[in-house]
Amino acid sequence: VSDLQPSDRVDISGIDLQRSGVEFEGYWNSPGAFIATQVSEVPDQRHPKLRGRIQAISAEPKGFTMYGMPIRVTAGTDGDPDRSGKGTLLDFSRLAVGVRAEVSCKVDEATQEWTATKVELEGVKSSDKVKGMITAIDLDGQAPESVEIHGLQIVLQPVQESGPENAFGRIEHGTLMLQALQKFRAAAHTAVG
């Protein structure tokens with residue numbers, strides 16, 4: 001029963017931080033860290049992916065800053081697909097401070113330089129997220145607990161009102177999803193019959 005009680009911290013105890021990609025949902029804290037309010041394991045997430053607002057633009061070298069990380073843009077950086085779904089190159093002039101973007105990156109292991117491989121500006125969801133492989137861990141029991149993805153600090157601070165749902169909430173949502181799935185299966189069975 002004690003395991004079902006809500007925790008006051010973001011729980012990453014069940015995630016293999018050495019082998020799995022991790023997705024953090026949260027918000028940017030102006031002193032310089034991404035504050036995680038939810039976390040989940042993501043299979044095969046080797047390269048970082050960020051979703052949020054552009055904080056600064058750099059003309060030379062071409063790039064922008066998101067969550068305090070300078071991200072370089074190259075001539076081969078992909079942008080939003082066209083109407084036919086075909087990939088297009090990024091139009092750098094569309095980038096501006098405050099614009100929401102979803103950015104796929106690669107990181108040079110030697111220099112730790114971030115380079116955007118794709119920048120999507122259309123249909124970007126309103127939630128802020130960071131995905132990637134953990135490269136540094138500071139879970140010593142002393143606040144603030146944090147991890148890093150290639151220099152981007154993610155703080156696992158105590159949960160407030162908008163924090164992750166507790167085990168009872170997950171059970172409730174899982175039950176609702178199972179009910180919807182059973183209704184769908186019954187309707188499909190009726191349609192086939």
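The first residue of the sequence shown is numbered 1, and numbering continues consecutively from there.
Q55 is linked by a side-chain contact (heavy atoms from CB on, under 4.5 Å) to W28, T65, counting only residues two or more places apart in sequence or in another chain. Listed by chain and number, the residues in a side-chain contact (heavy atoms from CB on, under 4.5 Å) with I57 are I54, F64, F92, L95, V97 (sequence neighbours excluded). In terms of the side chain to side chain donor-acceptor pair (under 3.5 Å) criterion, residue partners of T74 (sequence neighbours excluded) are, by chain and number, T77. With sequence neighbours excluded, no residue forms a side chain to side chain donor-acceptor pair (under 3.5 Å) with H47. T88 is linked by a side-chain contact (heavy atoms from CB on, under 4.5 Å) to D82, counting only residues two or more places apart in sequence or in another chain. The salt bridge (charged side-chain N to carboxylate O under 4.0 Å, His left out) search around K131 returns E23, not counting sequence neighbours.
L50 and V124 fall into different hydrophobic clusters, where Ile, Leu, Val, Met, Phe, Trp and Tyr are joined by side-chain heavy atoms under 4.5 Å apart, directly or via other members. Under a hydrophobic clustering in which Ile, Leu, Val, Met, Phe, Trp and Tyr are joined whenever their side-chain heavy atoms come within less than 4.5 Å, directly or via other members, V103 and L89 fall into different clusters. Linking ILVMFWY side-chain heavy atoms closer than 4.5 Å, directly or via other members, places V107 and I137 in a single hydrophobic cluster.
Scanning both residues, E25 and S127, for their nearest heavy atoms gives OE2-CB, 3.5 Å. In terms of heavy-atom proximity, G68 sits nearest to P70 at O-CD, 3.5 Å. Here the closest heavy-atom approach between residue V119 and residue A101 is recorded as CG1-CB, 4.2 Å. Scanning all heavy atoms of the two residues, the minimum distance from I71 to M66 falls at CD1-CB, 4.2 Å.
The shortest distance between side-chain heavy atoms of V155 and F34 does not fall below 4.5 Å. Proximity of D78 to T117: side-chain heavy atoms (C-beta onward) are nowhere separated by under 4.5 Å. Within the 4.5 Å cutoff, the side chain of P48 has heavy atoms near those of the W114 side chain.
Under the side chain to side chain contact (heavy atoms under 4.5 Å, CB included) test applied with F24, the options I154, L152, T37 reduce to a single match, I154.
Legend: salt bridge (Lys or Arg N to Asp or Glu O under 4.0 Å) pairs involving residues 91-115, not counting sequence neighbours, sorted by first then second residue: K49-E102, R51-E102, R72-E113, D80-R94, R94-E122, R100-D128.
Not a single donor-acceptor pair under 3.5 Å links the side chain of S146 to the backbone N or O of Q153. A donor-acceptor distance shorter than 3.5 angstrom exists from the side chain of T135 to the backbone of H150, with no hydrogens or angles considered.
In this structure, K62 places its NZ atom where only 12 or fewer heavy-atom neighbours from other residues, nucleotides or ligands lie under 6.0 Å away.
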Please table the atom pairs, donor to acceptor, closer than 3.5 Å between any side-chain atom in residues 178-193 and protein atoms at least two apart or in another chain.
| from | atom 1 | to | atom 2 | distance (Å) |
| --- | --- | --- | --- | --- |
| T190 | OG1 | A186 | O | 2.9 |

